[in-house]
Amino acid sequence: MSSVLISGASIAGPALAFWLSRRGFDVTVVEKSHTLRGGGYPIDIRGTALGVVERMGLLPRLREAHVHTRRITFLDADGSTVASVRPDAIAGGDGSDLEVRRGDLAEMLHDTVRDDVEFLFDNSITTLQEHPGGVDVTFRSGLQRTYDHVIGADGLHSNVRSLVFGAEERFHRYLGYCFAGFTLPNHLGLRQEALMWNEPGRAAALYAVGSGESVHGFLSFGLAEAPFGAFRDPDAQRDLVASVFEGDGWEVPELVKAMNEADDLFFDTVSQIRMPAWSSGRVALVGDAAHAPSFLTGQGSSLALVGAYVLAGHMDDFAEYERVLRPFVLANQDLVDVGNAELFPGTAEALAARNDVLRARETLPAEASRPEHSALTLPDFG
Ligand SMILES: Cc1cc2nc3c(=O)[nH]c(=O)nc-3n(C[C@H](O)[C@H](O)[C@H](O)COP(=O)(O)OP(=O)(O)OC[C@H]3O[C@@H](n4cnc5c(N)ncnc54)[C@H](O)[C@@H]3O)c2cc1C
């Protein structure tokens, strides 16, 4: 039986483990967190990815977990309403999209494989050495093993990518924005809705996934150069965000205060990963590790699910995996470009034009799905 080590237990990792264990592979998943992280911000499953979760038998559970965001209300500098629209008026969609908490999807995927696959939590790969007989792996815990294949499903800042393909900067495409995400008390009593405040180049959002006691807060802003220096320093991240939003109105001071007090602050650049190849010898990448599209596309989880399905069908030929998947990935990555995010217009003119578009969308019927979301017909692997 061929053995496979997968690094990362979020979306791409457990989805790949599902398909590989059903094809008779002996699968181990290593995850650096000490446990699966539940809940969290909502992600979308759309287009071709709906076919994948249907084939996995997950559609009924996902429909139950669907968060049904009722509306997104856009606010101007002083907090007055610009427009209130359905989510599909922003992302496109025919009503079939599913929106679930990232952690809920990760838990469902884990549930489907937990009895068939070995999970090593609170651990990570430290070295990989490929030779004709396999890949020798050492783990942070000191464990040493040899696998036939190693797959990196460890996200935008993939460990396997750095170990095998080189530094992230070579493949990192910075889209010109940074964001801070954290949770805070739902003091406005929001229910299945999002509020999005804008000034040119800055956005503050509150996202109530249900009607619970906490909401997700986001502070996003344009910045010409990626602040790589702030990555290892949470205090520098907080200072940077606080200085960008200093003096702003509406609930922004509350959000900055909550960010400063949060114990779950998540700071990152808005970026893509673009690589000339997703495999090397016995090692391959899947999901955000290979081709993060950025959350501006809303397609990261869908690409991860589809990528896992296609990779599992081509474990004997990684070149074919890339040939089948790459056009679909590129079409979705190209939905956004540097500095052109509709959610964060950079100038007063661009913001006014964006707001006019949103006001028009308040009354328009639902848009059709974006063709890019369904640009791949799922191959059949029997
Ligand atoms: C704020 C925000 C909003 C988003 N909104 C959307 C959206 O609306 N729609 C959408 O589709 N996508 C959205 N995304 C993107 C989406 O979360 C990702 O594209 C998707 O989760 C990709 O899945 P993945 O499994 O490839 O990677 P990830 O979800 O990033 O998972 C990587 C896993 O690898 C683990 N890991 C990392 N390093 C190591 C290591 N050294 N060893 C072992 N394990 C490791 C991590 O702990 C994690 O569990 C959003 C992302 C963010 C941050």
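Just follow the structure's listing: the first ligand is 1, and inside any ligand the first atom is 1. Source: prediction; values computed, not measured.
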Distances under 3.5 Å, N/O of ligand 1 against N/O of the protein: list each pair and its distance.
| unit_1 | atom_1 | unit_2 | atom_2 | d |
| --- | --- | --- | --- | --- |
| ligand 1 | 8 (O) | D44 | OD2 | 3.1 |
| ligand 1 | 9 (N) | D44 | N | 3.3 |
| ligand 1 | 9 (N) | D44 | OD2 | 3.4 |
| ligand 1 | 9 (N) | G298 | O | 3.2 |
| ligand 1 | 11 (O) | G298 | O | 3.0 |
| ligand 1 | 11 (O) | G300 | N | 3.2 |
| ligand 1 | 11 (O) | S301 | N | 3.0 |
| ligand 1 | 11 (O) | S301 | OG | 3.4 |
| ligand 1 | 17 (O) | Y41 | OH | 2.7 |
| ligand 1 | 19 (O) | D288 | OD1 | 2.9 |
| ligand 1 | 19 (O) | D288 | OD2 | 3.0 |
| ligand 1 | 25 (O) | I11 | N | 3.0 |
| ligand 1 | 25 (O) | A12 | N | 2.9 |
| ligand 1 | 26 (O) | D288 | N | 2.9 |
| ligand 1 | 29 (O) | S10 | OG | 2.6 |
| ligand 1 | 31 (O) | S10 | OG | 3.4 |
| ligand 1 | 41 (N) | S124 | OG | 3.1 |
| ligand 1 | 42 (N) | S124 | OG | 3.3 |
| ligand 1 | 44 (N) | K32 | N | 3.1 |
| ligand 1 | 47 (O) | E31 | OE2 | 2.6 |
| ligand 1 | 49 (O) | E31 | OE1 | 2.7 |
| ligand 1 | 49 (O) | E31 | OE2 | 3.4 |

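- I151 has its side chain within reach of M315: a pair of non-hydrogen atoms, C-beta onward, lies under 4.5 Å apart.
- Residues passing the ring pair (Phe, Tyr, Trp, His ring centres under 6.0 Å) test with F318, sequence neighbours excluded: H149.
- In summary, D122 and R140 engage in a salt bridge, as defined by a charged side-chain N under 4.0 Å from a carboxylate O.
- Residues passing the side-chain hydrogen bond (donor to acceptor under 3.5 Å, both in side chains) test with T73 are S84, sequence neighbours excluded.
- The ring pair (Phe, Tyr, Trp, His ring centres under 6.0 Å) test applied to H66 returns H68, not counting sequence neighbours.
- The cationic group of R55 does not satisfy the cation-pi geometry with W19, failing either the under 6.0 Å distance to the six-membered ring centre or the 45° limit from the ring axis.
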